[in-house]
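Report on the structure given below.
These numbers were taken from a predicted model, which means no experiment stands behind them.
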Amino acid sequence: MSLYFGTIYRRKSFWCYRLLSTYVTRTQYLFKLKEDDEACREAQQTGVFYLFHDLAPLLQASGHRYLVPQLSRAELEGLLGKFGQDSQRIEDSVLIGCSNQHKAWFALDLGLNSTASKHVSLPKSEMEAELGGSFIKLRQALFQLNSMDSSLLFTAQALLRWHNGHQFCSKSGQPTKKNMAGSKRVCLSNNIIYYPQMAPVVITLVTDEARCLLARQSSFPKGLYSALAGFCDIGESVEEAVQREVAEEVGLEVENLQYFSSQHWPFPNSSLMIACHATVKPGQTEIQVNQRELEAAAWFSLDEVAIALMRKGSFLQQQSDALPLLLPPKLAIAHHMIKKWVERQTCSSLAA
C-alpha cells in the first residue's frame, strides 16, 4: 500500500510540476515578446490575429452562440491587400496572449479613426462581407461567448482602447509611439513611458447573515439586481473604498470585510473588479438609497436568491420572462459572490 501511494504521489507531483513549468515558460515567452520588438515581430509571422472594427470584435454566429474567427498572417495580408493596405498595418496590432505551444495571439483594429494614425479606417460592411462575419459590440455579444473567448476579447478591447486614447504625451503634447507588442507607449520628445492601466473598482456583497443586499441602476435590464460597486478614490485602501461606497450608496456601515476574488471587466473603460464580502453592524439594516447612484436597493432572503440562481436558460432568455429577481450572469464576478453566499448559508442551515 505504501509503495502504491508513493507511486501515485510521485506521478501527481510530476504532473503538477509539468503544469507549472508550462505556465512559467509561456509567461516568460510573453515577457520576452513585450520587451523585444524583433522577437515580437518574428512572432507575428506565425501568430494568429483577432480583428476589430472601432473596438467591435469580428464574430460569426453559430446557433445561439458566437464564434471568434482567427486569421493567419498570410490571410490578414491578403485581406489588407484587397483594401489597398500593405503589411505595415499589421504593426498596429497588440499582443494579447499565446498558446502553450507559444503561438502568439494578436488583436488588430481596422476601423479606429485617429488623428495620429497613418492608416485610414477600412469600410466595415465590405470587410464583413469579405470575412463572412459581423463586427458586433462586445457588450451586446458578451453573454453569447464562451469564457475563454470573452476573456481574450476583454483584454484585446481594453488594450486597443487604451492605445487609441493615449497617442499623445500628456506632458509635451507630442505623439507617443507604441512598442511592437503594445505593452507600452513612449514619448519620443522626453522618453516618458506610458503603460496600460486599469481602474480599481470594489464590488461588495453586503449581508446581515440571513439576507443579502442587492441594488440596481436605471441602466440595468428590467429586474436585474447586483452587488454594490464603485471606483476606488485616490489614497484609499480597498477596505476604505468598500466602507465608503456602502455608506454613500445605501447609508450603511459595514464590518468583517473579506476579500473574495477579482476580475478584469472591460466596461466602461477597463476596470479591475475587487470583490469582497461584508456584514452590516448589528441593528443597522435600514437602507437609505442614494438616488444619484442607484434606482433601488433591497434586502433579499436566502430563498429568494437561491430560487433566482436555480432558474434555467440563458441570461438573455431570462430577461424576457419578467422575473421578480434577475441576477448577474455567470460571466460576472457578482454572480459567483452571490452563489458563494447562498452555498455558505445553505451549509450553515444544514449543519444546524
Does Q157 reach the main-chain N or O of L55 with its side chain, forming a donor-acceptor pair under 3.5 Å? yes

Can you tell me if CD on Q291 sees more than 12 non-hydrogen neighbours from other groups inside 6.0 Å? yes

Does the K178 side chain pair with the main chain of M180, one donor and one acceptor, at a distance under 3.5 Å? yes

Connected via hydrophobic side-chain network under 4.5 Å: V201 and L257: no

Check: S150/N146 side-chain N/O donor and acceptor closer than 3.5 Å: no

Nearest 0.5 Å, what's the CG-CG distance between D149 and L153? 6.0 Å

Polar contact flag, side-chain donor to acceptor under 3.5 angstrom, H264-S270: yes

Are Y23 and N100 side-chain neighbours, meaning at least one heavy-atom pair lies under 4.5 Å? no

Looking just at side-chain N and O atoms, do N256 and T279 make a donor-acceptor pair shorter than 3.5 Å? yes

Could you give the distance from CD1 (I338) to CG (L327), rounded to the nearest 0.5 Å? 5.0 Å

Checking R216 side chain against A296 main chain: does a donor-acceptor pair fall under 3.5 Å? no

Take L112 and D109 through the test side-chain contact (heavy atoms from CB on, under 4.5 Å) and record every step on the way to the result. CA-CA 6 Å; L112 285 175; D109 198 308; 3.5 Å; yes

Are I96 and L145 in one and the same hydrophobic cluster, where Ile, Leu, Val, Met, Phe, Trp and Tyr link if side-chain heavy atoms are under 4.5 Å apart? yes

Heavy atoms of other groups near Y259 OH, more than 12 under 6.0 Å: yes

With a 4.5 Å heavy-atom cut-off, do K171 and I192 have their side chains touching? yes

Using 0.5 Å steps for rounding, measure from the CG atom of L58 to the CD atom of Q70. 11.5 Å

Please confirm whether H166 and Y194 have ring centers closer than 6.0 angstrom. no

Tell me whether the count of non-hydrogen atoms from other residues, nucleotides or ligands lying under 6.0 Å of NZ in K184 goes above 12. yes

Is any side-chain heavy atom of R344 less than 4.5 Å from a side-chain heavy atom of H277? yes

Can you name the one residue among E126, E77, E130 that meets salt bridge (charged side-chain N to carboxylate O under 4.0 Å, His left out) with K82? E130

Quick check: do C276 and F260 have side-chain heavy atoms less than 4.5 Å from each other? no

For H163 and G182 the tightest heavy-atom approach is NE2-O, 2.7 Å

With side chains defined as the heavy atoms from C-beta onward, is the minimum distance between F49 and E75 less than 4.5 Å? no

Smallest heavy-atom separation, P200 atom then I274 atom, equals CB-CD1, 4.2 Å

Should F220 and L294 be counted in the same cluster of Ile, Leu, Val, Met, Phe, Trp and Tyr side chains packed under 4.5 Å apart? no

With a 3.5 Å distance limit and no angle check, can you tell me whether Q263 reaches the backbone of I333 through a side-chain donor-acceptor pair? yes

Taking every non-hydrogen atom, the tightest pair across L205 and L213: CD1-O, 4.0 Å

Short side-chain to backbone donor-acceptor contact, E240 and S237, under 3.5 Å: yes

For the atom pair CD1 (I307) and CG (L325), what is the distance rounded to the nearest 0.5 Å? 9.5 Å

Just checking Q197: does its CD atom have more than 12 heavy atoms from other residues, nucleotides or ligands closer to it than 6.0 angstrom? no

When rounded to the nearest 0.5 Å, the distance separating CG of L108 from CG of L79 is 9.5 Å

Using every non-hydrogen atom in the two residues, find where S271 and F231 come nearest and quote the distance to one decimal. OG-CE2, 3.8 Å

With side-chain contact (heavy atoms from CB on, under 4.5 Å) as the criterion, how do F168 and C187 come out once you've worked through the C-alpha distance, each side chain's angles and the decisive distance to 0.1 Å? CA-CA 8 Å; F168 294 91; C187 176; over 6 Å; no

In chain order, what residues pass the ring pair (Phe, Tyr, Trp, His ring centres under 6.0 Å) check against W341, with sequence neighbours excluded? none

Short question: side chain of S121, backbone of G111 - any donor-acceptor pair under 3.5 Å? yes

Indicate, with yes or no, if M337 and F300 share a hydrophobic cluster defined by side-chain heavy-atom contacts under 4.5 Å among Ile, Leu, Val, Met, Phe, Trp and Tyr. yes

A side-chain contact here means heavy atoms from C-beta on lying under 4.5 Å apart; do T204 and V254 qualify? no

S125 and E128: side chain to side chain donor-acceptor pair (under 3.5 Å), yes or no, with the steps? CA-CA 5 Å; S125 58; E128 289 176 331; 5.9 Å; no

What heavy-atom pair brings L59 and P69 nearest, and what distance separates the two atoms? CA-CD, 4.1 Å

Whether R139 engages the ring of F267 as a cation-pi pair (distance to the six-membered ring centre under 6.0 angstrom, angle to the ring normal within 45°) should be assessed. yes

Tell me if a side-chain donor or acceptor on H53 pairs with a main-chain N or O of L122 at a distance below 3.5 Å. yes

What's the spacing between L95 CG and Q44 CD if we round to 0.5 Å? 9.0 Å

Aromatic contact between W265 and F154, with the criterion being ring centroids under 6.0 Å apart: yes or no? yes

Donor-acceptor pair, distance only, cut-off 3.5 Å: does the side chain of S172 make one with the backbone of C169? no

Evaluation steps, side-chain contact (heavy atoms from CB on, under 4.5 Å), between L51 and L110: CA-CA 7 Å; L51 297 188; L110 298 174; 4.2 Å; yes

Would you please say whether a donor-acceptor pair under 3.5 Å links the side chains of H102 and R26? no

Are any side-chain N or O atoms of N290 and backbone N or O atoms of V250, one a donor and one an acceptor, separated by less than 3.5 Å? no

Output yes when a side-chain donor or acceptor of S99 lies under 3.5 Å from a complementary backbone atom of K103, and no otherwise. yes

Looking at every heavy atom in both A334 and S226, which two are closest together, and how far apart are they? CB-OG, 3.4 Å

So that I know where these two stand, are F135 and F52 an aromatic pair - ring centroids less than 6.0 Å apart? no

Is a donor from one side chain sitting under 3.5 angstrom from an acceptor on the other, for T25 and Q28? no

Judged by modelled atom types alone, do Q60 and Y66 share a side-chain donor-acceptor pair under 3.5 Å? no

Side chain proximity check, P57 to Y50, heavy atoms < 4.5 angstrom: no

Can you confirm whether Q243 sits close enough to E253 that some side-chain heavy atom of one is under 4.5 Å from a side-chain heavy atom of the other? no

Transitively linked via ILVMFWY side-chain contacts under 4.5 Å: L67 with L142? no

For side-chain contact (heavy atoms from CB on, under 4.5 Å), just list the numbers for C40 and K34, CA-CA rounded to whole Å, side-chain angles, deciding distance to a tenth of an Å, and then say yes or no. CA-CA 7 Å; C40 188; K34 291 175 183 178; over 6 Å; no

